[in-house]
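Have a look at this one before I ask anything.
Each chain gets a letter, A, B and so on, in the order the sequences are listed, and its residues count up from 1.
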Amino acid sequence: MENILAKNYAPKEFEDRLYESWEESGAFGAIVDQDKKPYTIVMPPPNITGQLHMGHAFDHTLQDVLIRWKRMMGYNALWIPGSDHASIATEVKVADKIREEEGKTKEDLGREEFLRRAWEWKDTYGGKITRQIRRLGNSCDWSRERFTMDAGCNAAVTESFVRLYEKGLIYRGNRLINWCPSCGTSLSDAEVEHEEKTGKYYYINYPAVGGGSGIVVATSRPETMFGDTAVAVHPDDERYKDFVGKKVILPIVNIEIPVIADEYPDPEKGTGAVKITPAHDPNDFEVGERHQLGKPTCINLDATMNALAGKYEGLDRYACRKALLKELDEKGYLIKTEDKEIAIGACYRCDTVIEPMLSDQWFVSMHELAEPAIEKALSKELQHIPDRFEKTYLHWLTNIRDWCISRQLWWGHRIPAYYCQDCGEIVVARVAPVICPRCGSSRIKQDEDVLDTWFSSALWPFSTLGWPEKTEDLDYFYPTDVLVTGYDIIFFWVVRMVFSGLEMTGELPFKYVYVHGLVRDAEGRKMSKSLGNGVDPIEVIDQYGADALRFMLMTGVSPGNDLKFQIDKVEASRNFANKLWNASRFVLMTLGDDAEILAAMSLGNLPMAERGLLDEDKWMLSQLNCCVQEITTNLEKFDLSLAAQKIYELIWNTYCDWYIELVKARLYGSDEKDKAVARYNLVIVLKDMLKMLHPFMPFITEEIWSYLPKAVSTISIESNEAQENRKIDFLMRSQWPIYDAALAFPEETSKTELIMDMIRAIRNVRAEAEAAPSKKLKLMILSSGKELAFIQSGERHIKNLANIIEISYIQDKSQLPDEVMSSVISNVELFIPLDDLLDYQAEFERLSRESNKMKVEIQRIQDKLANQGFLAKAPAAIVEEEKAKCSNYEEMLAKISERLTMVGKKLV
RNA sequence: GGGAGCAUAGCUCAGCUGGGAGAGCGCCUGCCUUACAAGCAGGAUGUCAUAGGUUCGAUCCCUAUUGUUCCCACCA
């Protein structure tokens, strides 16, 4: 019995084994083949900082479903895995580790040693993550695995930097940047998180030079006053007209600063007068530029005050604020204090409040690069799914400012800029210069800084395929097809890949951006380390299997929306897997011995009409066929959740609940021909269902597939003789089912569905009458015409599934015994004699409910049909449909009423 | 300050271009029926946030309102 599945569904026993055999056999690999169409996805590279979280599981499952489906559709599907060095995040982690374990700072170790430690970290955690990715079942091509700091990516980064520099799109400038005092580096605008907080406005008087009333300015950051170079007022502000051109005194330090007129101050806000601190505020910086003011810095890189602050030198900026306010208050300069909501920028890595700081940094000039990226979205060459995210994308690009790309860190791509120590010449080059091209000096030093980690991520779709080399892979697999990512990194990553791709390769890096939501905990909170509410996907896999986790993540979600992680849902998915497992076990058990299997499978060689399929077989086939079409369409539209729902219903509700039950009698019967047909159809339907479920639940489907008799994988249900011509292989490499118009069987479908309706009606009556399920009942049927013929051909199903021992047909109700329960479905009346079991009161109530339900429906339709507008304007087909329904319901109501009257009489 | 999403059964959510409201979980009743109790059969439950509008017809389209979540933003 080696071809029968184990008794219990135990994913642990096969998931890892299957993954290994897939990987070893090269099933994940894509080889350039000009005869096949490529389908490419690059995996958003997880950071090497930690481990896989639920968000990765979600993101990866979406991609794996697409990749596995496209692969089965005959595409040359390539999914490139990799990981990201995550410059700042990793550097912080490594530095923390060194501090905790050795009590040393990174400066203690020095750059070289620190980088050695960072690489160690990468080897440890990078490896851990790739193992976790494997456990999810991701079918990525490991032979192409990349790292953002491997040789190829390094070359791409250098090439990209040099090209942009040569085009004048990268420049070095002394500008105001976001400085994180804790991480000790500059940050891009995207890396600053803004938060509204309750702060205070301080009104401070700046006395006029030579006495008289001064000017009161309002500020939320009094400690920056040491860097003030002016007080600005609006030119039209009458209150301050006389001050313009004169000077006021900066309190405490007693420095005279000018009062200037500028459009920037809003007379309606605060006092209408603004202190100008060009070195610590972006707006003030611009005012300073317009008026040629100095830009003195008063805060150090570690957020302490510098010498400009006089006696406050060395104090932390907030400690200084506190002390300064006290002194200002004591000396009468502090006029008043006011509560106010203030937007504060914080570092996205360490949450420290950002300090705007004047600094020499490298920038990417954005406007020229953003333009084509905007156009591609407007022209729909780049499509967002769902499309509302296009707004986010466009908003960011149209309001973009130059991108600060240099970071005062060690872990990352060192900037390919070289400075001559003698003449100060700056050389940006692909290869480090040996001598200065201007003065010939050999005293050349490379820039100490590294690049923003997102600079290399921006190149990911093509750097992973070999760019800047003109590789075969790049030529064939690029541009990629779809990028799958969360909405939280559209700014960081998506926009930058788009403009980088357009600039470097002249092409969009992908056609579609599939944007998904975040995985939240059961209460809807973001999963985070600090809350401790994160659920480890690996633990879930250990307990329920990867298939259950994947299926849970793929169902009940709509594109772009967040997903709450609930273990109940994982359990439900696991139960579904178990259901499929058992159904498959049943099918395999009933297949018989080799000769019987062969006999059954040989039916596949016959034309459809000669296979001896019965009504229920054809019904099942047409259900399957509809599903093939629907699921394929859903996947094409990126409605993965709907596709998953459809296959779930097909397997559980259609195949397990009905088809297997309908077919059991034949399997247990003695008619060998009948049995063979049932076996044949059961297994070929199972085969196609496994295929359609495979992208969602790759492990269990592959495992079951491996137990199917060899003969099964080579036969086809397609109506023609064009059958799959291939040897048995992995399910993951099999061909996706194709919709076949010849597999629609409307006659057999309505026949089977009538029988099913009758079975449901009988079960209902039985339950209402509280007749034991084991009690065999008799059934009398009053019907005529087409329905009568249908019923007669389905008698055995009614007997088997509704536990009926005898069916008789009557011409009119005079033939009925007294004690009988009844049910009506269109043009069929069912009567079940119940003798002692009949409870007239309950029967009366049940019929009343039925009757009322019917009346409501009829009323609704009649209202509709009485509406002249409806008759005149609604499509004819709809009107006809409504009319047909109405007469059907009316007939049913008449029959129910008749019964009701009879039962009513008994009650009296 | 600007923008977006969400509001549907007790809970979590589906509902594809407007034409009789769905699933899972939970709940009630009855079942260990030879694939499956991780199961089977039957059942109950919704002014589809509110108010208008468009339409023959609105959970679906438009407007406003309320509640809620999120994103963006250099206004002291």
Side-chain angles (χ1 to χ4, degrees), chain A residues 5 7-9 176 189 194 201 217-221 224 232 264-266 269-277 281-286 340 342-343 345 356 386 388-389 391-392 395-396 399 401 487-488 490-491 517-518 522 524 544 548 552 555-558 560-564 566 568-569 571-590 630 633-634 637 639 641-642 645 648-649 656-657 660-661 664 668 760 763-768 770-774 801-803 857 860-861 864 867-875 877-879 881-882 885:
Chain A
L5 294 175
K7 172 90 178 145
N8 297 311
Y9 168 59
L176 213 53
D189 294 339
H194 294 269
Y201 263 16
V217 296
T219 180
S220 60
R221 303 207 51 202
T224 63
Y264 166 59
D266 179 352
K269 291 207 167 143
T271 61
V274 184
K275 65 190 267 303
I276 301 298
T277 323
D281 182 282
N283 289 302
D284 295 5
F285 179 83
E286 283 169 24
K340 176 103 179 167
I342 298 173
R388 67 183 136 95
F389 288 106
K391 280 197 171 180
T392 316
H395 181 260
W396 173 262
N399 294 298
R401 296 192 301 162
Y487 58 68
D488 53 334
I490 292 177
F491 311 122
L518 272 35
Y544 295 95
M552 174 270 165
T555 45
V557 215
S558 47
N561 289 339
D562 290 350
L563 165 79
K564 281 185 191 133
Q566 284 169 287
D568 287 6
K569 247 178 93 185
E571 205 169 314
S573 300
R574 190 272 321 261
N575 292 353
F576 170 56
N578 184 54
K579 185 74 181 175
L580 172 66
W581 183 264
N582 283 308
S584 303
R585 220 157 50 83
F586 173 77
V587 171
L588 288 169
M589 283 192 304
T590 54
E630 287 173 353
T633 307
N634 287 331
K637 292 196 295 193
D639 282 327
S641 180
L642 292 180
Q645 193 57 40
Y648 176 97
E649 284 164 8
C656 293
D657 288 351
I660 286 183
E661 296 305 326
K664 266 182 183 169
Y668 295 141
R760 285 194 197 97
R763 284 173 175 170
N764 183 313
V765 167
R766 183 190 281 276
E768 292 283 346
E770 293 181 354
S774 53
L801 301 195
N803 202 15
E857 286 302 303
R860 194 183 55 76
I861 299 174
K864 217 172 191 178
N867 184 335
Q868 287 307 313
F870 176 73
L871 295 176
K873 299 196 178 176
I878 299 279
V879 177
E881 206 178 295
E882 293 293 318
K885 268 190 234 165

* Asked: When all nucleic acid strands are considered with a 4.0 Å heavy-atom cut-off, which category describes A:Tyr648: base, sugar-phosphate, or nothing?
  ->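 Here A:Tyr648 touches the backbone only, sparing every base.
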
* Write down the distance between CZ (A:Arg574) and C1' (B:A38), rounded to a whole number of angstrom. => 5 Å

* Asked: When all nucleic acid strands are considered with a 4.0 Å heavy-atom cut-off, which category describes A:Ala583: base, sugar-phosphate, or nothing?
  -> base

* **Value in whole Å for how far the P atom of B:G57 lies from NZ of A:Lys864** => 11 Å

* **Minimum side-chain heavy-atom gap A:Tyr264-A:Glu286 below 4.5 Å** =>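 The answer is no; the side chains never approach within 4.5 Å.
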
* Would you mind telling me which of B:C40, B:A76, B:C25 lies closest to the side-chain atoms of A:Asp568? =>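 Ranking B:C40, B:A76, B:C25 by closest atom to the A:Asp568 side chain puts B:C25 first.
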
* Asked: Is A:Asp284 touching bases, backbone alone, or none of the nucleic acid, heavy atoms closer than 4.0 Å?
  -> nothing

* Identify the heavy atoms of A:Ala218 and A:Gly270 that sit nearest to each other, and give their distance. =>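 Heavy atoms of A:Ala218 and A:Gly270 come nearest at CB-CA, 4.4 Å.
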
* What is the distance from atom OG1 of A:Thr219 to atom NZ of A:Lys275, rounded to the nearest 0.5 Å? ->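 It comes to 4.0 Å.
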
* Check every atom of B:G5, B:C71, B:A35 against the side chain of A:Glu661 and return the nucleotide holding the closest atom. =>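 Selected nucleotide (nearest to the side chain): B:A35.
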
* Say you pick atom P in B:G26 and the same atom in B:A7; how far apart are they, in whole Å? ->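 Here B:G26 and B:A7 have their P atoms 24 Å from each other.
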
* Dot-bracket encoding per residue of RNA chain B, Watson-Crick/G-U cut-off under 3.5 Å, | denoting interstrand -> (((((((..((((.....[..)))).(((((.......))))).....(((((..]....))))))))))))....

* Can you tell me, in whole Å, how much space there is between the P of B:U65 and that of B:C56? =>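 Roughly 28 Å separates the two P atoms.
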
* **Pairwise C1' distance for B:U54 and B:U69, with rounding to whole Å** => 30 Å

* With a 4.0 Å cut-off on heavy atoms, is A:Gly517 in touch with a base, just the backbone sugar-phosphate, or nothing at all? ->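 The residue A:Gly517 makes no contact with any strand.
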
* To do: Answer yes or no: does a side-chain N or O of A:Lys885 lie under 4.0 Å from OP1 or OP2 of B:G19?
  => no

* Report yes if a side-chain nitrogen or oxygen of A:Asn561 is closer than 4.0 Å to either non-bridging phosphate oxygen (OP1 or OP2) of B:A14; otherwise report no. => yes

* Contact class for A:Gln645 vs. all strands (heavy atom < 4.0 Å): base, sugar-phosphate, or nothing? ->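 It contacts sugar-phosphate atoms only.
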
* Where the side chain of A:Asn575 is concerned, which of B:C40, B:G39, B:G42 is the nearest nucleotide? -> B:G39

* Identify whether any heavy atom of A:Pro875 sits under 4.0 Å from a base atom; if not, whether one sits that close to sugar-phosphate; answer base, sugar-phosphate or nothing. =>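 Result for A:Pro875 = base.
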
* Atom pair distance, as rounded to whole Å: CD in A:Glu630 and C1' in B:C16 -> 10 Å

* OP1 or OP2 of B:A38 under 4.0 Å from side-chain N/O of A:Asn582 -> no

* So A:Tyr668 and A:Phe586, would you call those rings parallel, tilted or perpendicular, with 30° and 60° as cut-offs? -> perpendicular

* Considering only B:C72, B:G5, B:A76, which nucleotide approaches the side chain of A:Thr219 most closely? ->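 Looking only at side-chain atoms, A:Thr219 lies closest to B:A76.
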
* To do: May I ask you to evaluate whether A:Lys664 reaches the phosphate of B:A35, defined as a side-chain N or O under 4.0 Å from OP1 or OP2?
  =>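 Answer is yes, contact under 4.0 Å.
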
* Enter the distance from A:Asp568:CG to A:Met552:CE here, rounded to the nearest 0.5 Å. =>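 Between A:Asp568 CG and A:Met552 CE, I get 9.5 Å after rounding to 0.5 Å.
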
* In whole angstrom, give the distance that lies between atom CZ of A:Phe491 and atom P of B:C71. =>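 Distance, rounded to whole Å: 10 Å.
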
* Taking only the side-chain heavy atoms of A:Ser220 (C-beta and beyond), determine which of B:A76, B:A35, B:C40 contains the nearest atom. =>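 Minimum distance to the A:Ser220 side chain belongs to B:A76.
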
* To do: Kindly indicate, with the supporting measurements, whether the criterion side-chain hydrogen bond (donor to acceptor under 3.5 Å, both in side chains) is fulfilled by A:Lys569 and A:Thr555.
  => CA-CA 9 Å; A:Lys569 247 178 93 185; A:Thr555 45; 4.7 Å; no

* To do: Choose from B:C74, B:G19, B:A41 the nucleotide whose nearest atom is closest to any side-chain atom of A:Pro282.
  =>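 Nearest nucleotide to the side chain: B:C74.
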
* Asked: Got a donor-acceptor pair under 3.5 Å from the side chain of A:Arg763 to the base of B:A41?
  ->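 Absent.
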
* **Integer-rounded Å distance: B:G39 C1' and A:Asn8 CG** =>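 Those two atoms, CG and C1', are 13 Å apart.
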
* Of the nucleotides B:C11, B:C56, B:C72, which one has an atom closest to the side chain of A:Gln566? ->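 The answer is B:C11.
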
* Would you kindly compare A:Asp189 and A:Ser641 by the position of their nearest RNA chain B nucleotide and give the one closer to the 5′ end? => A:Ser641

* Counting heavy atoms from C-beta on, name the nucleotide in B:G5, B:G42, B:G24 closest to the side chain of A:Arg388. => B:G5

* Asked: When the P atoms of B:G57 and B:A73 are considered, how many whole Å apart are they?
  ->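 Taking atom P in both B:G57 and B:A73, they lie 46 Å apart.
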
* To do: Output the single nucleotide from B:G24, B:G42, B:C16 whose closest atom is nearest the side chain of A:Lys637.
  =>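 So the nucleotide nearest the side chain must be B:C16.
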
* Would you say the side chains of A:Tyr487 and A:Asp562 form a donor-acceptor pair under 3.5 Å? ->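 Side chains of A:Tyr487 and A:Asp562: pair found under 3.5 Å.
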
* To do: For B:C28 and B:U66, measure between their P atoms and round to the nearest Å.
  =>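 Roughly 41 Å separates the two P atoms.
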
* Asked: At under 4.0 Å, does any side-chain N or O of A:Tyr201 touch on OP1 or OP2 of B:A76?
  ->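 Looking at the OP1 and OP2 atoms of B:A76, one of them is under 4.0 Å from a side-chain N or O of A:Tyr201.
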
* Does a side-chain N or O from A:Lys391 land closer than 4.0 Å to OP1 or OP2 of B:A4, or not? -> yes

* **Donor/acceptor link under 3.5 angstrom from A:Asn283 side chain onto base of B:C74** => yes

* B:A37 versus B:C11 - spacing of their P atoms, nearest Å -> 31 Å

* Any side-chain N or O of A:His194 less than 4.0 Å from the OP1 or OP2 oxygen of B:C74? ->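 Checking A:His194 against B:C74: at least one side-chain N or O falls below 4.0 Å of OP1 or OP2.
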
* **A:Lys564 side chain near B:C13 phosphate (N/O to OP1/OP2, under 4.0 Å)** =>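 Answer yes for this pair, as a side-chain N or O of A:Lys564 is under 4.0 Å from OP1 or OP2.
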
* How is A:Arg221 classified with respect to the nucleic acid when contacts are heavy atoms under 4.0 Å: base, sugar-phosphate, or nothing? -> nothing

* Asked: Do any side-chain nitrogens or oxygens of A:Arg766 fall under 4.0 Å of OP1 or OP2 in B:A41?
  ->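 For B:A41, OP1/OP2 do not have a side-chain N/O of A:Arg766 under 4.0 Å.
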
* Write down the atom of A:Arg766, the atom of A:Asn803, and the distance for their closest heavy-atom approach. =>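 Where A:Arg766 meets A:Asn803 most closely, the heavy atoms are NH2-O, 2.9 Å.
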
* Full working for side-chain contact (heavy atoms from CB on, under 4.5 Å) between A:Asp189 and A:Phe491 -> CA-CA 10 Å; A:Asp189 294 339; A:Phe491 311 122; over 6 Å; no

* To do: Would you kindly compare A:Gly270 and A:Leu642 by the position of their nearest RNA chain B nucleotide and give the one closer to the 5′ end?
  =>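 Nearest-nucleotide comparison on RNA chain B picks A:Leu642.
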
* Looking only at non-hydrogen atoms, find the nearest pair between A:Arg388 and A:Asn561 and report the distance. =>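 Closest pair (atom of A:Arg388, atom of A:Asn561, distance): NH2-OD1, 3.2 Å.
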
* Rounded distance in Å between the C1' positions of B:C6 and B:U50 -> 16 Å

* On a whole-Å scale, what distance lies between the P atoms belonging to B:A23 and B:U45? -> 13 Å

* To do: Report yes if a side-chain nitrogen or oxygen of A:Ser558 is closer than 4.0 Å to either non-bridging phosphate oxygen (OP1 or OP2) of B:A14; otherwise report no.
  => yes

* **Rounded distance [0.5 Å steps], CD in A:Glu630 versus CD in A:Glu649** =>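 Reported value, rounded in 0.5 Å steps: 9.5 Å.
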
* Which part of the nucleic acid, if any, lies within contact of A:Trp581, taking any heavy atom under 4.0 Å across all strands shown: a base, the sugar-phosphate backbone alone, or nothing? ->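 Nothing: the residue A:Trp581, judged by heavy atoms under 4.0 Å, touches no strand.
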
* Asked: Side-chain donor-acceptor pair under 3.5 Å between A:Lys664 and A:Thr590, yes or no?
  ->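 Distance-only check fails for A:Lys664 and A:Thr590.
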
* Residue A:Lys873, side-chain heavy atoms: nucleotide from B:G43, B:A76, B:C56 that is nearest -> B:C56

* Would one find a side-chain N or O of A:Tyr668 under 4.0 angstrom from OP1 or OP2 of B:U33? ->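 Checking B:U33 against A:Tyr668, no side-chain N or O comes under 4.0 Å of OP1 or OP2.
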
